[in-house]
Amino acid sequence: MTPMTQRRLANFRANRRGWWSLWIFTALFLVTLFAEFIANDRPLVARVDGRWFVPVLTDYAESDILADGLPTEADWHDPELVREIAARGWMLWPAIPYAYATVVRDLGRPAPSPPSAKNWLGTDDQARDVMARVIYGFRVSVLFGFTLTIVASALGIAAGAVQGFYGGLTDLLFQRFIEIWSGMPQLFLLIILASVIEPGFWTLLIFLLIFSWMGLTGVVRAEFLRGRNLDYVRAARALGVSDSRLMIRHILPNAMVATLTFLPFILSGSVTVLASLDFLGFGLPPGSPSLGELLSQGKNNLQAPWLAFTGFIVLGGVLTLLIFVGEAVRDAFVPRKLPGGGR
């Protein structure tokens with residue numbers, strides 16, 4: 001590890017708010033990656049008549065579990081099946097015995113129902129457990145944000161590198177194209193798209209990617225315009241080094257310093273975009289776990305304030321953590337900054 005890298009890591013750790021935000025966000029993300037083992041309407045493991053079953057990983061028919069059962073998929077919340085299994089063996093349920101689409105039975109009151117020992121964050125207007133939907137929705141939002149950020153940043157860095165390195169007519173034409181393309185009405189185009197096909201995870205990702213790649217182009221272009229005239233780059237070109245090698249090995253590392261400071265903020269923007277589209281009804285298909293859909297339910301059910309509060313706290317907390325991490329990354333790459341905060 002080079003001394004510069006060690007100094008940057010020390011600067012990052014010195015920002016205690018960003019350092020702990022990174023660990024909290026990482027822990028939440030890793031936990032939600034295994035959402036099926038935390039919130040599911042199937043047991044983790046079951047033992048019936050001396051045989052082992054792993055319903056969380058495998059689909060079983062009722063006849064596979066009980067000799068006199070029906071040849072249909074087992075409903076592990078069916079009271080009759082529960083009694084039979086309890087008499088012949090046992091089941092181990094996850095902490096939340098509901099998936100994001102599970103309709104909770106026997107609420108005792110019309111949905112949405114308030115938080116209780118059975119449903120920690122209550123249920124929504126379709127009697128689905130809010131806690132389970134938050135866990136799955138957090139995972140979907142973060143995975144969507146990561147995917148969009150990584151792919152869009154890669155395309156934007158490549159476009160900015162070509163602009164800045166070659167300059168001249170290439171740069172001029174690229175800039176005019178970006179000016180025209182960035183002026184396209186994205187929301188109107190998305191409404192038209194939603195009227196033709198049903199938006200899904202990959203459909204939304206590709207559509208947003210078409211417009212999101214321009215976020216880092218300007219920063220990388222400026223770094224390449226500056227870096228291509230440096231002495232060591234001109235010397236390498238005089239020695240016959242290829243353009244691709246000059247761009248990737250000699251100029252890109254310097255451009256990445258400015259680029260990396262923007263990535264946490266771009267990630268938070270990607271998460272916000274998906275939540276906004278789901279809130280407006282142009283996001284993921286109906287029934288999908290989504291933080292934006294939870295906010296929309298809170299708006300439509302003012303008599304159930306726990307829906308709006310839960311959506312606001314979760315989405316606001318995620319964005320706050322990402323902003324704090326972004327500030328720490330920015331501090332880590334500030335030139336001549338010492339770990340103690342001095343310069």
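Fair warning: this is a prediction, and the values are worked out from it, not measured in the lab.
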P112 versus Q303: any side-chain heavy-atom pair under 4.5 Å? yes
Whether over 12 other heavy atoms sit under 6.0 Å from R176 CZ: yes
Nearest heavy atoms of T310 and W306, plus distance in Å: OG1-O, 2.6 Å
So does Y98 have more than 12 non-hydrogen atoms from other groups sitting under 6.0 Å from OH? yes
Considering only NZ, NE, NH1 and NH2 on the basic side and carboxylate oxygens on the acidic side, decide whether R7 and D331 come within less than 4.0 Å. no
Please work out whether the ring planes of W23 and W19 are parallel, tilted or perpendicular, with thresholds of 30° and 60°. perpendicular
Ion pair D59/R42, N-O distance below 4.0 Å: yes
Parallel, tilted or perpendicular: which one describes the rings of F177 and W213, with boundaries at 30° and 60°? parallel
Taking the side chain as every heavy atom from C-beta outward, state whether L189 and M184 have any atom pair closer than 4.5 Å. yes
Supply the atom-to-atom distance I96 CD1 to K118 NZ, rounded to the nearest 0.5 angstrom. 14.0 Å
Do R228 and F165 form a cation-pi contact, if we require the NZ or CZ to be under 6.0 Å from the six-membered ring centre and within 45 degrees of the ring's axis? no
Residues two or more places apart in sequence or in another chain: which of them pass ring-ring contact (aromatic ring centres under 6.0 Å, His included) with F138? none
Taking all atoms of both residues into account, what is the closest heavy-atom pair of F207 and Q186, and its distance? CZ-O, 3.5 Å
Please report the interatomic distance CD(E327) to CZ(F265), rounded to the nearest 0.5 Å. 6.0 Å
Donor-acceptor under 3.5 Å (S116 side chain, N119 main chain): yes
Would you compute the distance between atom CZ of R139 and atom CG of L30 and round it to the nearest 0.5 angstrom? 12.5 Å
Report yes if some heavy atom in the side chain of E36 is under 4.5 Å from a heavy atom in the side chain of Y136; otherwise report no. yes
For atom CZ of F188, decide whether the heavy atoms of other residues, nucleotides or ligands shown that lie under 6.0 angstrom number more than 12. no
